[in-house]
Every structure is written in structure tokens, then in C-alpha cells.
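Beneath this line is the structure, given in C-alpha cells, with notes to follow.
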Amino acid sequence: MIDLRSDTVTQPTEAMRLAMSRAEVGDDVYGDDPSVNRLQDMAAEMFGFEGALFTASGTQANLLALMSHCERGDEYLCGQQAHNYKFEGGGAAVLGSIQPQPLTNQLDGTIALSEIEAAIKPDDIHFARTRLLSLENTIGGKVLPQTYLANAQALAFQRGLKIHLDGARVANAAVAQGIAIADIAVHFDSVSICLSKGLCAPVGSLLLGDERLIKKATRWRKMLGGGMRQAGILAAAGELALTAQVERLADDHQNAAYLAQQLSLLDEFEIDLPSVQTNMVFATLASHIDEQALAQRCRNEGILISPGRTIRFVTHKDISRQDIDKVLRVFKLHLQA
Ligand SMILES: Cc1ncc(COP(=O)(O)O)c(C=O)c1O
């Protein structure tokens with residue numbers, strides 16, 4: 001199948017499977033797994049943090065960050081579209097007793113600094129304590145400008161807030177700008193990254209931060225049932241995600257740009273081309289097109305898309321330029337029928 005629904009569908013590479021089969025392992029809850037330790041040390045160095053923690057998922061890494069920065073009765077500021085607000089089951093509120101304060105994401109994915117500033121609550125018993133600003137990069141495939149990150153960091157610092165990055169796709173953001181991940185991470189007190197999206201590992205994310213934060217997060221991870229034992233089998237693939245898959249993301253970005261450009265030539269699709277900056281294309285279908293029929297036609301032809309008025313197409317390692325040409329052919333045939 002040509003699966004354009006998400007980059008989470010990527011298959012692990014042959015090198016990953018081999019590394020997994022040979023990984024040296026121990027009990028990671030005792031801190032004894034050499035493959036996990038190597039991945040964490042490597043990531044900490046690569047991102048420019050004191051420590052890193054291997055987690056089961058991006059959701060878990062974000063939740064650990066929120067629970068480690070905030071206490072019961074605190075709040076975090078985030079975008080209305082933030083994954084760790086909208087798509088993570090309300091975990092911070094349910095499990096951490098932490099209140100989200102969602103704010104409007106502007107078209108470029110940023111949250112206006114004036115809105116952030118206005119949302120910081122005064123020290124008053126009526127209010128939750130505003131403790132953390134959480135940003136996401138990339139967000140909807142868009143890259144947050146580096147100057148924006150610097151300004152958000154300065155604001156957070158001035159106002160005594162910590163600042164977290166949901167960097168599920170921070171490697172895409174770095175590659176799109178031709179900079180190191182550390183150049184983005186330097187603006188944050190903690191960063192999460194998913195190894196299992198465009199970077200192709202089968203399972204796993206990382207949380208990065210200073211020693212104190214990682215120690216706290218390790219305790220929460222255990223409580224949340226995320227203490228894994230011979231996790232080095234997974235970490236071995238994670239190491240290859242960070243060493244062998246980051247540069248390759250540029251291909252995904254080129255394929256997304258190509259797909260967007262070609263789709264924009266069709267009257268039935270509306271696309272904001274400047275917002276196609278990494279591996280995601282959002283295309284709005286003309287109202288007379290039956291989205292379910294289009295998705296079914298695609299399925300019949302071996303193509304998976306998520307039906308919707310606005311379809312999100314995600315490019316990744318298992319999508320080639322020829323695959324995209326096939327998708328375009330099927331769309332054209334369907335729309336002509
Ligand atoms: C921006 C972002 N953050 C976090 C996550 C959560 O990752 P996971 O699915 O590994 O829990 C996702 C997953 O799609 C995501 O897109």
C-alpha cells in the first residue's frame with residue numbers, strides 16, 4: 001500500500017531490524033541496559049542537554065515533561081492545535097492535575113507573544129499557577145521561525161516560566177532549515193522527539209532536559225507503567241533513527257513539495273503552498289467532490305488516505321516519487337470520471 005495517512009506508518013529499516021536482533025540488553029529499570037544508555041547519552045549530546053530518557057511514545061514523553069515541570073494546580077500555556085493539548089487524551093489534566101490554557105495558533109503555527117503574555121495569570125489564589133509554555137515544532141508540518149523561538153524563550157525567562165518543545169518532528173524542522181537539532185533545542189528547557197515517525201524506528205520517543213528534570217521524569221515514567229525492561233531492543237533501532245534517518249528527511253520534504261505543487265494544478269484541490277514546509281500537505285477538496293468515494297477509489301488502487309474535507313497527506317521513507325506520481329494519476333482518473 002502507498003500509505004499517506006501519517007509518517008507513523010514507516011517500516012523499520014533492514015539495518016534497524018539487524019541492530020535490534022543483536023542489541024546488547026539489560027534491565028533498564030535498574031539502569032542496566034547498555035543500548036538504552038547509549039541512545040540516551042548520544043541524544044543528550046546531540047541535542048545539547050544534560051540528560052535524556054527513552055519513553056514508550058511521544059504522548060508519554062510530553063506527559064512526563066508536563067508532570068515534571070508542573071505541580072498539581074499549575075497550568076501550561078499551549079496552542080489550541082497543540083498535540084499535547086488536543087490529541088493526548090487530556091493526560092496532563094487527568095493524570096497530572098495540570099490545567100491547560102490553550103491559545104490561538106496563528107497561521108504560521110506560532111502563538112502571538114502578546115497572547116502568551118496576557119494569559120500568564122497573576123499570583124492570586126483564584127488562579128492556577130502559570131508555570132510552563134509548551135510549543136510544537138514542526139506544527140502541522142510548519143516550521144516555527146528561529147527568531148520566534150528566541151523571543152518566546154526570552155519572554156518565558158522574563159516571566160519565570162519554563163519552556164517545553166513537543167519536538168515530535170523537530171528533526172524535520174532542523175533539516176528544513178539546514179541547521180542542527182541543537183540549534184532549535186537551545187531555546188527550550190525540555191524537548192521531546194519521536195523516533196517512530198519520519199525517523200522510522202518501530203517504537204519510542206525521547207525526553208531531553210537537565211538532570212533534575214530527567215530524574216523526576218524517570219520517577220513519573222515508572223508510575224505510569226513506562227518502565228521497560230530489556231528496552232535496548234527498541235533503543236537499538238532508535239539509535240539508527242538519530243544517526244541514519246535525519247538527513248534523509250530532506251527527500252520526504254521534496255516529495256511533499258512535489259505532491260503539493262502537482263495537486264495545486266488541479267481545480268478540485270486548494271492548497272496553501274507556502275505552508276508546505278516539511279513532510280505534510282493539507283489539501284481542501286472542492287465541495288462537489290465526495291471525499292469517501294475518493295478515499296475508496298484510492299483504497300481500491302492500493303493507496304491509503306485519511307478522508308476529510310481537508311486531507312492531510314504525509315510523505316515518509318516508504319513513499320517514493322513514483323508512488324506520488326501514481327497517486328496523482330489515480331486522483332486525475334477519479335476526478336475525470
Ligand atoms: C506533534 C506530535 N506530538 C506528539 C505525538 C504523540 O506521539 P505518539 O503517537 O508516539 O504518542 C504526535 C503523534 O502523532 C505528534 O504528531
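For ligands, and for the atoms within them, numbers begin at 1 and follow the listed sequence. The model shown is predicted, which means the values in this text are computed figures rather than measured ones.
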*Would you find a donor on one side and an acceptor on the other, under 3.5 Å apart, between the side chain of Asp183 and the backbone of Ile179?*
no
*State, yes or no, whether a side-chain contact exists between Leu249 and Leu199 at a heavy-atom distance under 4.5 Å.*
yes
_Under a 3.5 Å cutoff, is there a donor and acceptor pairing between the side chains of Asp74 and His69?_
no
*Is the count of non-hydrogen atoms from other residues, nucleotides or ligands lying under 6.0 Å from Phe157 atom CZ greater than 12?*
no
*Assert yes or no for the condition that the ring centre distance of Phe331 to Phe269 is strictly below 6.0 Å.*
yes
*Is any NZ, NE, NH1 or NH2 atom of the basic residue among Arg309 and Glu291 found under 4.0 Å from an Asp or Glu carboxylate oxygen of the other?*
yes
Can you give me a line-by-line list of nitrogen or oxygen pairs between ligand 1 and the protein shorter than 3.5 Å?
| from | atom 1 | to | atom 2 | distance (Å) |
| --- | --- | --- | --- | --- |
| ligand 1 | 3 (N) | Asp166 | OD1 | 3.1 |
| ligand 1 | 3 (N) | Asp166 | OD2 | 2.7 |
| ligand 1 | 7 (O) | Lys197 | NZ | 3.0 |
| ligand 1 | 10 (O) | Gly58 | N | 2.8 |
| ligand 1 | 11 (O) | Gly58 | N | 3.4 |
| ligand 1 | 11 (O) | Thr59 | N | 2.9 |
| ligand 1 | 11 (O) | Thr59 | OG1 | 2.6 |
| ligand 1 | 16 (O) | Arg169 | NH1 | 2.9 |

